[in-house]
Each structure stands twice: as structure tokens, then as C-alpha cells.
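All values derive from a computational prediction rather than experimental measurement. All values below come from the heavy atoms of this structure, side chains included, with hydrogens, waters and symmetry mates left out.
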Amino acid sequence: MAKTQLNVRVDEGTARAARERATARGMSVNRYIEELVRQDTGEAGHTFLEAAADFMKQYETVFAEEFGAAREGRTAEGRTAGSGTAGSGTHEGGR
């Protein structure tokens with residue numbers, strides 16, 4: 001991606017804070033400011049949501065196999081939650 005130079009004037013306190021925060025995060029001030037703008041415009045959030053959606057789609061069958069029966073109120077063995085033997089761990093105190 002091509003880079004464009006952007007010159008910005010800020011007061012000394014803001015400049016100091018930007019330098020300190022960038023240093024604490026192990027990045028340049030330029031990168032720090034770039035990350036702040038991306039976060040503000042939601043790019044980072046959109047990227048995360050897209051990655052999460054891709055992950056869920058990729059592992060949809062695994063989650064369905066593991067958690068599908070429990071979501072429907074059934075145990076993995078097919079019994080209705082709470083109707084099994086005592087101590088089965090599937091009943092949560094009548095909730």
C-alpha cells in the first residue's frame with residue numbers, strides 16, 4: 001500500500017503523550033497514529049468481525065457437533081437435560 005505523508009501540528013503535551021504511548025507499545029509514532037485512526041474508523045473492528053465470521057463458518061460443524069445438543073436442552077446421549085441419572089451434570093438447579 002502506498003504511503004502518503006501527513007503533517008500535523010499538536011501541542012507539546014500531545015506530542016509527548018504520543019511518543020510515550022508509541023514507545024510503550026514498541027512502535028513508531030507514525031504507526032501509533034495510523035493505528036489510532038484505523039481504530040477510530042472501525043477498520044480494526046471490521047477486520048476482527050470478518051475473521052471471526054470466517055472462523056465460525058470454517059468450524060461450524062465442529063461447534064454443532066459439540067454444542068448443538070446442549071443448546072436444544074439435550075445431552076450428548078440424546079436425553080433431555082435433567083432427566084438422566086443423578087449427578088449427570090446436565091441439570092443446573094432448575095433454571
Side-chain angles (χ1 to χ4, degrees):
M1 176 189 309
K3 298 281 185 170
T4 300
Q5 185 171 341
L6 179 66
N7 295 313
V8 181
R9 291 185 183 273
V10 296
D11 63 70
E12 185 54 41
T14 301
R16 187 178 331 105
R19 286 185 204 104
E20 290 172 0
R21 297 287 180 138
T23 299
R25 288 173 171 75
M27 61 177 66
S28 69
V29 174
N30 287 334
R31 174 86 190 273
Y32 176 68
I33 300 298
E34 190 174 9
E35 293 291 321
L36 289 177
V37 172
R38 281 191 179 138
Q39 289 174 9
D40 188 51
T41 60
E43 186 176 315
H46 292 296
T47 301
F48 171 78
L49 291 177
E50 287 174 6
D54 288 344
F55 175 84
M56 290 301 293
K57 182 178 257 186
Q58 184 177 358
Y59 292 98
E60 181 177 20
T61 56
V62 175
F63 283 104
E65 290 172 4
E66 183 70 22
F67 302 107
R71 179 174 287 152
E72 295 171 7
R74 298 190 174 276
T75 64
E77 293 81 23
R79 294 187 309 268
T80 302
S83 66
T85 59
S88 65
T90 59
H91 193 272
E92 297 186 39
R95 285 198 277 164

If you group Ile, Leu, Val, Met, Phe, Trp and Tyr by side-chain heavy-atom gaps below 4.5 Å, do L6 and V10 land in one group?
yes
If hydrophobic clusters are built by linking Ile, Leu, Val, Met, Phe, Trp and Tyr wherever their side-chain heavy atoms come under 4.5 Å apart, do V62 and F67 end up in the same one?
yes
List the steps, then state whether side chain to side chain contact (heavy atoms under 4.5 Å, CB included) holds for E34 with M27.
CA-CA 11 Å; E34 190 174 9; M27 61 177 66; over 6 Å; no
Salt bridge check, E35 against R21: does any charged N sit closer than 4.0 Å to a carboxylate O?
no
Rounded to the nearest 0.5 Å, what separates atom CD1 in I33 from atom CZ in R31?
12.5 Å
Show me the donor-acceptor pairs, under 3.5 Å and distance only, between side chains in residues 48-61 and residues at least two apart or in other chains.
none

So which heavy atom on Y32 is nearest to which on A18, and how close?
CD2-O, 3.9 Å
Mind checking the CD-CG spacing from Q5 to N30? Nearest 0.5 Å is all I need.
8.5 Å
